[in-house]
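All ligand and atom numbering here is 1-based and tracks the order in the structure. The figures here come from the full heavy-atom set of this structure, side chains too, leaving out hydrogens, waters and symmetry mates. The residues of the chain are indexed from 1 along the displayed sequence.
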Amino acid sequence: MKIAKVLCMVGGSGETSYAANSKLQEKAILMARPMLKEAVGEIYRNLLPEKMVVADLGCSSGPNTFAVLSEVIKMVSNQCQGVGQQVPEIQFFLNDLPNNDFNSIFQSLDHVDQTLTAEKDTISVPHFVVGLPGSFYGRLFPRQSVHFFHSSYSITWISQVPKEIEDNRNGMPLNKGNIYIGRTSPPVVVQLYQEQFHRDFSHFLKLRFDELVPCGQMLLSFTVRNKKGILDGEQSTIFGIVTDSLDSMVREGIIEEEKLDTFNLPFYAPSTEEVVAIVTLQGLFEIISFKTFVSNFDPFDDLDDHAEFDNVQSGTNCAKVMRSVLEPMIACHFGSAIVDDLFSRFAINVAKHLLKEKLKIFVLCLSLKRK
Ligand SMILES: C[S@@+](CC[C@H](N)C(=O)[O-])C[C@H]1O[C@@H](n2cnc3c(N)ncnc32)[C@H](O)[C@@H]1O
């Protein structure tokens, strides 16, 4: 599977789009806001750039893309008021893979500017926004040219499904019956996913180290695995329900078994300990701070775990989140005809699961400074 060709969220602003269904991911941006403020403030005070270069890696399209952009502008504006310094110009790069819906972003930029201009008590900050298609597992910028990198909910997408898992030698799929690390995945599958993430994340850090100015900063938020057991981590449980939904379609002859056996997600949710160990071992960045927070997978469920809730509605909400993320990949591998059916089954299966326990998402926000 060529990741750059198939990995993207559902574009546009329709009912199933990522833009209309990214409230879960918005929570990470809100939780990380104090760390964003710290990082932008420190860059502004310590480096006093006349031109500040900021990049959002894996920006997708929709309100979250603009939330990051607007937050940074407002924070720079506040800093300028605080210290009475000259207002810098900001160059924004919005990066994602080439299939991302960049057009939607460009079409909404005027509206974002108008909203910012209408804000009270903010100094206007000249800013210039460009889209930057390309993989963040390759170089994106000239050496030492960026002051701040932001990335939210993106770097758990690894650069490829580990080759050995995809190769399917002798018709014996290594990860039979699973689309990610699942309860029946053999240890070698876990190891291969883990090694792929370690290689990718180390490489990502080295690339960003080269591109950042000295003392430049980076704020990364992404899903992590909280449970000790790797086979039943939170993401394994959630993707396990997608697997069960696909499997029921195999049993009914709607999709071929071979199709399910050869579909694996280019994704890995590490533990916080794994992430900290990689950053520390590599030694290119100082960890300024990190924190983990948890939310329900249903973005509209902020209730206490023991409070009464509507599990059927919650299943539907979770299916919308999942569809907005997985639909392009599912459609590419299985064909678009199965998509409605699959996510209806997923909604029902989630509703059943929620009667036992709520689905949780843990997010790590990690603030790093280039040494
Ligand atoms: C779940 S979305 C997150 C979007 C947005 N940052 C947010 O917080 O709502 C993940 C995004 O990362 C992008 N992505 C994944 N791998 C990438 C890569 N190697 N290079 C650039 N973008 C990538 C995907 O295309 C997708 O748009």
Side-chain angles (χ1 to χ4, degrees), residues 1-13 16-33 35-36 54-72 92-105 108 131-141 149-161 196-197 199-208 211 218-224 235 238-239 265-269 293 295 297 299 320-330 332 361 363-366:
M1 181 176 13
K2 281 261 169 286
I3 302 296
K5 291 228 164 76
V6 295
L7 181 54
C8 62
M9 308 295 107
V10 176
S13 55
T16 60
S17 65
Y18 183 75
N21 295 288
S22 45
K23 192 173 159 57
L24 174 70
Q25 294 84 347
E26 182 196 5
K27 289 186 179 178
I29 294 170
L30 295 177
M31 289 306 295
R33 197 188 257 161
M35 291 164 87
L36 182 68
V54 178
D56 190 22
L57 305 178
C59 62
S60 195
S61 63
N64 294 353
T65 312
F66 300 120
V68 175
L69 194 108
S70 315
E71 283 293 333
V72 172
F92 267 104
F93 288 92
L94 297 177
N95 156 259
D96 209 294
L97 292 169
N99 274 351
N100 184 51
D101 188 358
F102 284 103
N103 279 337
S104 285
I105 301 181
S108 306
L132 177 59
S135 170
F136 50 58
Y137 293 119
R139 274 288 294 275
L140 295 168
F141 296 94
F149 282 116
H150 177 273
S151 181
S152 193
Y153 261 94
S154 300
I155 57 172
T156 40
W157 292 104
I158 50 182
S159 67
Q160 60 175 89
V161 174
Q196 185 68 49
F197 176 79
R199 267 195 306 277
D200 282 345
F201 187 50
S202 302
H203 186 53
F204 175 91
L205 291 174
K206 172 73 176 74
L207 293 164
R208 303 298 82 86
E211 294 166 346
M218 183 147 80
L219 179 60
L220 308 175
S221 305
F222 49 97
T223 46
V224 284
Q235 287 73 19
I238 294 170
F239 289 136
L265 292 172
F267 182 93
Y268 179 75
F293 73 93
S295 67
F297 185 50
K320 285 185 176 175
V321 173
M322 193 50 105
R323 180 173 181 160
S324 73
V325 173
L326 289 191
E327 177 170 349
M329 258 183 294
I330 294 275
C332 180
I361 289 283
V363 173
L364 171 68
C365 306
L366 179 65

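Listed here is the closest heavy atom pair of Ser60 and Asp96: N-OD2, 2.8 Å. Here the shortest heavy-atom pairing between Asp200 and Gln160 reads OD2-N, 4.4 Å. Taking every heavy atom of both residues into account, Asn95 and Pro133 meet most closely at ND2-C, 4.4 Å. Across all their heavy atoms, Tyr18 and Ser22 have their closest contact at O-OG, 2.9 Å. Closest approach of Cys365 to Phe293, counting heavy atoms only: SG-CE2, 4.0 Å. A pairwise comparison of heavy atoms in Gly12 and Ala19 identifies O-CB, 3.5 Å as the closest pair.
Below 3.5 Å of separation, one finds no N or O of Ser22 facing any N or O of ligand 1. Note: no N/O pair closer than 3.5 Å links Ile29 and ligand 1 by distance alone.
Separation of atoms CD1 (Ile155) and CG (Leu205) is listed at 7.5 Å; rounding is to 0.5 Å. Distance check: Leu57 CG to Leu220 CG gives 8.0 Å after rounding to the nearest 0.5 Å.
Across Tyr153, Phe222, Phe267, heavy-atom proximity to atom 10 (C) of ligand 1 is greatest for Tyr153. Proximity annotation for atom 13 (C) of ligand 1: of Asn64, Thr223, Asp96, Asn95, Asp96 comes nearest, heavy atoms only.
Atom numbering of ligand 1 starts at 1 in the shown order; those under 4.0 Å from a heavy atom of Tyr137 are 19 (N). The ligand atoms of ligand 1 that sit less than 4.0 angstrom from a heavy atom of Met9 are 1 (C), 2 (S), 26 (C), 27 (O). Per-residue contacts place Gly58 under 4.0 angstrom from the following atoms of ligand 1 (heavy atoms of the residue considered): 3 (C), 4 (C), 5 (C), 6 (N), 11 (C), 12 (O), 13 (C), 22 (N). Of all atoms in ligand 1, listed by their number and element, those nearer than 4.0 Å to a heavy atom of Gly134 are 20 (N), 21 (C). Taking every non-hydrogen atom of Ser60 and a distance limit under 4.0 Å, the qualifying atoms of ligand 1 come out as 4 (C), 27 (O). The ligand atoms of ligand 1 that sit less than 4.0 angstrom from a heavy atom of Leu7 are 15 (C), 16 (N), 25 (O).
Ring planes of Phe239 and Phe267: perpendicular class, angle over 60° (limits at 30 and 60°). Between Phe93 and Phe141, the ring planes lie perpendicular to each other; the angle is over 60°, past the 30° to 60° tilted range.
Atom 20 (N) of ligand 1 has as its closest protein heavy atom Phe136 N, 3.0 Å. Counting only heavy atoms of the protein, atom 8 (O) of ligand 1 lies nearest to Ser152 O, 3.4 Å. Scanning all protein heavy atoms for the shortest distance to atom 19 (N) of ligand 1 gives Ser135 OG, 3.1 Å. Of all protein heavy atoms, the one closest to atom 7 (C) of ligand 1 is Tyr18 OH, 3.3 Å. When only non-hydrogen protein atoms are considered, atom 12 (O) of ligand 1 lies nearest to Ser154 OG, 3.2 Å.
Screening Leu219, Ile29, Val54 against Val68 for a side-chain contact (heavy atoms from CB on, under 4.5 Å) leaves a single residue, Ile29.
Neither the backbone nor the side chain of Ser151 has a heavy atom within less than 4.0 Å of ligand 1.
Not a single heavy atom of Ser159 sits under 4.0 Å from any atom of ligand 1.
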